2 protein chains.
Amino acid sequence: MPCSPADPPRPPTGLEIADWVRQRIRTGRFVPGQRLVEVDIIRQTGASRSKVREALKRLEGEGLVEIEEFRGASVRSSTLDEVRQIYRARMALEGMAMHDFTARADPAMIARLQDLQDQLDACVRDRAPDRFGRLNNEWHRLIVEGSGNQVIADHLQRLNVPIHRLLFESFYDDERLKTANADHRAMMALIVAGDAEGAERAMRRHIGDGFETLARIESEFYS
Amino acid sequence: MPCSPADPPRPPTGLEIADWVRQRIRTGRFVPGQRLVEVDIIRQTGASRSKVREALKRLEGEGLVEIEEFRGASVRSSTLDEVRQIYRARMALEGMAMHDFTARADPAMIARLQDLQDQLDACVRDRAPDRFGRLNNEWHRLIVEGSGNQVIADHLQRLNVPIHRLLFESFYDDERLKTANADHRAMMALIVAGDAEGAERAMRRHIGDGFETLARIESEFYS
DNA sequence: ATGGACGATATTGTCAACAATCTCGTCAGC
DNA sequence: GCTGACGAGATTGTTGACAATATCGTCCAT
């Protein structure tokens, strides 16, 4: 079993450290307000201090982390109003992505989307909110990637990081799960019909409804 | 003349260096493809090397510069297709900002907007495309700031940096100047009438037309 | 017990020296 | 003249030591 000779213990790069921290923020392993002490990250990742500092600066630029002089980095927390603003931006950008996707979609992409849709239907039948959440993210990502607009894709990816957990939360409400899936099916129909404007409107409504549900569920967590 | 005792030669911070470089990229003092040599920036700004490197990394995160290992930073250049994608994102976000502005606008904001509009009219009469460009930027910024959505404002600011020069270019076409100003006046009317959806559609058309004009003018500069 | 001054420790910010790599001119060989 | 190897200088990447500041426990006076 010849193991490849050129990949053993390579020290992580700044980008990798940033990914590592970002991942942990997304999944809730690092919670808002938590301090990110350089030495701890060094110990856990094996990176050098420069790389860790570089990564934290990068995450500050993304708005994920707050850095105070001589007090270091901590996970930034969002207010409910900021979440609302993020959802508003998502409505705009994902709506536009849906518009362009519909105008460009070829049969192969539509087939991939249909495949995902079938799996989502199965999740609704089986009451599998967690899996539904994952596939739902895939579904949205497919639309955005298929829109042919990498700029919008990048900005959406950044917007989604701070609300990653919330993107799963609302599907534990069975009613919301069904509504969301019905939205998806309706959008599929509009895509197939080539109705770009209709699909865009539907996407915006869909995301707007998602926030309303969320606001009801989560409002207790915010001031 | 007591000069304040606590502001003498303070070394620039990383953020200030980033602003300094960003400004020079925006105004075309640094052109796409140009190498940004650390020592040169140090000499011109008086910052330490750490700060300069920090600033360049930050700008890389913003997509403004490209950093290659052991080759350093250079100003990233955009293809025409990327400019198109940026304009598409602007249509989405500024459209949404216009929607929310119209729904929220109070008399004071509308008055400030009207004031700017009067000055824009004067520029059209006087054939002052340069001043028109500056005031036009102000006009758009006022809409976005007044929308009450800082997230959208931030993302738009980032989107605008690489196309800053282009935002002035098309107004040297007298026809475009008049059309754009007519768009503005029409949007003002929709805002006053409280027609948020109409204003959003108008803004999207306005930006879309801006790109079309640009694409005609500038297409020769891109492959 | 309480509040405030003090100091030890922990943590972050800065800098300069050194290492790694690239760039570009030079020159030998064909 | 052309090509490719070579090497000096230029530029970037990395590390470690040191400085500046914050944190938190301790002790003393009241």
Side-chain angles (χ1 to χ4, degrees), chain A residues 4-22 24-25 29-77, chain B residues 4-22 24-25 29-77:
Chain A
S4 85
D7 70 348
R10 183 180 49 82
T13 78
L15 265 167
E16 286 167 341
I17 302 297
D19 284 343
W20 186 86
V21 176
R22 201 184 294 111
R24 301 209 147 198
I25 292 176
R29 183 84 176 66
F30 289 158
V31 298
Q34 180 167 350
R35 300 234 344 232
L36 302 174
V37 178
E38 294 176 359
V39 186
D40 294 344
I41 300 178
I42 291 172
R43 268 198 281 266
Q44 294 184 63
T45 64
S48 69
R49 200 174 153 214
S50 338
K51 297 301 184 185
V52 171
R53 288 177 64 79
E54 174 192 330
L56 292 173
K57 283 280 170 64
R58 186 181 294 269
L59 294 170
E60 184 194 26
E62 292 176 17
L64 264 186
V65 150
E66 221 168 11
I67 297 183
E68 288 171 289
E69 181 138 0
F70 293 113
R71 302 213 42 238
S74 52
V75 182
R76 217 171 71 81
S77 56
Chain B
S4 84
D7 70 348
R10 181 180 50 82
T13 76
L15 263 165
E16 286 166 340
I17 303 298
D19 283 342
W20 186 87
V21 176
R22 201 184 294 111
R24 302 209 145 198
I25 291 177
R29 183 87 175 63
F30 288 158
V31 299
Q34 182 168 347
R35 299 250 322 247
L36 303 174
V37 179
E38 294 175 358
V39 185
D40 294 344
I41 300 178
I42 291 171
R43 269 198 282 266
Q44 293 184 64
T45 64
S48 68
R49 205 178 147 212
S50 333
K51 298 300 183 186
V52 171
R53 290 176 63 77
E54 174 191 328
L56 291 174
K57 283 279 170 64
R58 185 181 295 270
L59 294 171
E60 184 193 26
E62 291 175 19
L64 264 187
V65 313
E66 223 167 10
I67 298 183
E68 287 171 288
E69 181 138 1
F70 292 112
R71 302 213 41 239
S74 52
V75 182
R76 219 172 68 82
S77 56

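Computed from a prediction, not measured in an experiment: that's the story for all the values here. A note on names: the letters A, B, ... follow the listed sequences, proteins ahead of strands, and every chain is numbered from 1.
For the pair A:V21/A:L64, no side-chain contact is recorded, criterion being any heavy-atom separation below 4.5 Å from C-beta on. Residues B:E54 and A:K57 have side chains in contact (heavy-atom distance under 4.5 Å, counting atoms from C-beta outward). Under the 4.5 Å side-chain criterion, counting only non-hydrogen atoms from C-beta, A:V65 is in contact with A:I25.
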| task | Using a 4.0 Å cut-off on protein heavy atoms (strictly under), produce a 5'-to-3' string for nucleotides 11-20 of chain D with B for base contact, S for backbone-only sugar-phosphate contact, and - for none. | result | SBBBB-B--B
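B:R35 places no side-chain N or O within 3.5 Å of a backbone atom of B:G72 that could act as its donor or acceptor partner.
Taking the charged nitrogens against the carboxylate oxygens, B:R58 and B:E62 have no contact shorter than 4.0 Å, which rules out a salt bridge.
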